[in-house]
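What you see is a predicted model, and the numbers here were worked out from it, not measured in a lab.
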Amino acid sequence: QVQLVESGGGLVQAGGSLRLSCAASGIIFSINAMNWYRQAPGKQRELVATFTKGGNTNYADSVKGRFTISRGNAENTVYLQMNSLKPEDTAVYYCNAISGLGLVYWGQGTQVTVSS
């Protein structure tokens, strides 16, 4: 069974840092991309950062210069280093993975709360 599990969320003061991790298991096809999304209550889910099979990274304008996405030694692991956090970063953060067949898998999310 394919499973993505996020961890590393929590409560932090503005200006602080958190590192999120995501580990995928049970994926038998190659992973073309792993991404981080976030969703605040009453808001649409937005793409925060992406890491593609070729090693390219992209970021939402709102997090450029503050967040860094990286892949672990294993293809099925991805991290999101979040620095200089702002209250507006508060959201549930979701990891997802896109397989070589175009299948999309989602984690259950991890809560990030940034206090002012």
Side-chain angles (χ1 to χ4, degrees):
Q1 185 70 31
V2 174
Q3 184 177 15
L4 276 66
V5 179
E6 303 98 334
S7 62
L11 175 64
V12 65
Q13 289 188 321
S17 298
L18 286 173
R19 191 189 193 199
L20 307 182
S21 63
C22 173
S25 62
I27 299 178
I28 62 175
F29 302 107
S30 63
I31 298 174
N32 280 352
M34 296 190 75
N35 310 285
W36 286 99
Y37 287 77
R38 68 185 181 188
Q39 187 170 27
K43 307 280 285 187
Q44 65 180 274
R45 188 171 298 186
E46 64 173 335
L47 178 62
V48 175
T50 185
F51 192 106
T52 68
K53 183 179 180 180
N56 294 323
T57 59
N58 288 287
Y59 301 92
D61 288 341
S62 59
V63 306
K64 284 181 180 176
R66 300 188 298 118
F67 291 11
T68 303
I69 189 170
S70 61
R71 203 198 73 182
N73 291 332
E75 188 182 49
N76 63 344
T77 304
V78 68
Y79 303 96
L80 185 68
Q81 178 67 46
M82 306 184 295
N83 298 325
S84 302
L85 283 162
K86 305 174 180 179
E88 47 264 49
D89 295 318
T90 296
V92 177
Y93 284 70
Y94 298 90
C95 173
N96 92 341
I98 303 173
S99 78
L101 268 57
L103 299 177
V104 181
Y105 305 96
W106 290 92
Q108 294 299 305
T110 185
Q111 177 71 49
V112 172
T113 302
V114 184
S115 62
S116 59

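Heavy-atom minimum distance, Val48 versus Leu80: CG1-CD2, 4.4 Å. When every heavy atom of Ile31 is checked against every heavy atom of Ala97, the shortest pair comes out as CG2-CB, 4.4 Å. When all heavy atoms are compared, the tightest approach of Ser99 to Tyr105 is CB-CE1, 4.2 Å.
Within 6.0 Å of CD in Gln108 there are 12 or fewer heavy atoms belonging to other residues, nucleotides or ligands.
Evaluation of the ring pair (Phe, Tyr, Trp, His ring centres under 6.0 Å) test over residues 31-66, restricted to residues two or more places apart or in two chains, returns Tyr37-Trp106.
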Distance-only check: which donor-acceptor pairs under 3.5 Å involve side-chain atoms of residues 12-24, not counting sequence neighbours?
unit_1 : atom_1 : unit_2 : atom_2 : d
Ser17  : OG     : Asn83  : OD1    : 2.9
Ser21  : OG     : Ser7   : OG     : 2.7

Could you go through residues 84-96 and list every donor-acceptor pair under 3.5 Å that involves a side-chain atom there, pairing it with any protein atom two or more places apart or in another chain?
unit_1 : atom_1 : unit_2 : atom_2 : d
Asp89  : OD1    : Arg38  : NH1    : 2.9
Asp89  : OD1    : Arg66  : NH2    : 3.0
Asp89  : OD2    : Arg66  : NH1    : 2.7
Asp89  : OD2    : Arg66  : NH2    : 3.4
Asp89  : OD2    : Lys86  : N      : 2.8
Thr90  : OG1    : Pro87  : O      : 2.9
Thr90  : OG1    : Val114 : N      : 2.9
Thr90  : OG1    : Val114 : O      : 3.4
Tyr93  : OH     : Arg38  : NH1    : 2.9
Tyr93  : OH     : Asp89  : O      : 2.7
Asn96  : OD1    : Asn35  : ND2    : 2.7

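The cluster map of Ile, Leu, Val, Met, Phe, Trp and Tyr, joined by side-chain heavy atoms under 4.5 Å apart, puts Val78 and Ile98 in different clusters.
Rounded to the nearest 0.5 angstrom, Thr52 OG1 and Met34 CE are separated by 12.5 Å.
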